[in-house]
Amino acid sequence: MKLDITGKVCPFCLLSVDKELKKLPAGEDLVVLCDHAPAATASIPEYCGNRKIGCVVKMIENGLWEITISKNR
């Protein structure tokens, strides 16, 4: 599943991710496109770490990140 949150800022970035993860079946990935640095580099990875959800952040161009969140359970 893909989620484009470009143009959004915290807390809306994290709220959008949380909402989509609740709908995502276990074993699936959520690929998030984000241009808000605090969300991409801090709040979303921290949220995933606290819930023991896999999270890989990759800068795809200056100021734009792709975050792959793997829902294990």
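Residue numbers start at 1 and run along the sequence shown.
- The heavy-atom pair separating C13 from H36 by the smallest distance is SG-CB, 4.1 Å.
- Note that the CG atom of L33 and the CG atom of D4 stand 5.0 Å from one another [nearest 0.5 Å].
- The list of side chain to side chain donor-acceptor pair (under 3.5 Å) pairs with a residue in residues 12-21, not counting sequence neighbours, reads K8-S16, D18-K22, D18-Y47, E20-K23.
- No side-chain donor-acceptor contact under 3.5 Å links K71 to the backbone of L30.
- Under the rule for a side-chain hydrogen bond (donor to acceptor under 3.5 Å, both in side chains), S43 has no partner lying at least two apart in sequence or in another chain.
- The two residues P45 and A39 come nearest to each other via the heavy atoms CD-O, 3.5 Å.
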Just list the side-chain donor-acceptor pairs under 3.5 Å for residues 57-70, sequence neighbours left out, or say none.
unit_1, atom_1, unit_2, atom_2, d
S70, OG, D29, OD1, 3.0

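- The CG atom of L14 sits 9.5 Å away from the CG atom of L21 when rounded to the nearest 0.5 Å.
- Under the 4.5 Å side-chain contact rule for hydrophobic residues, M1 and I5 share a cluster.
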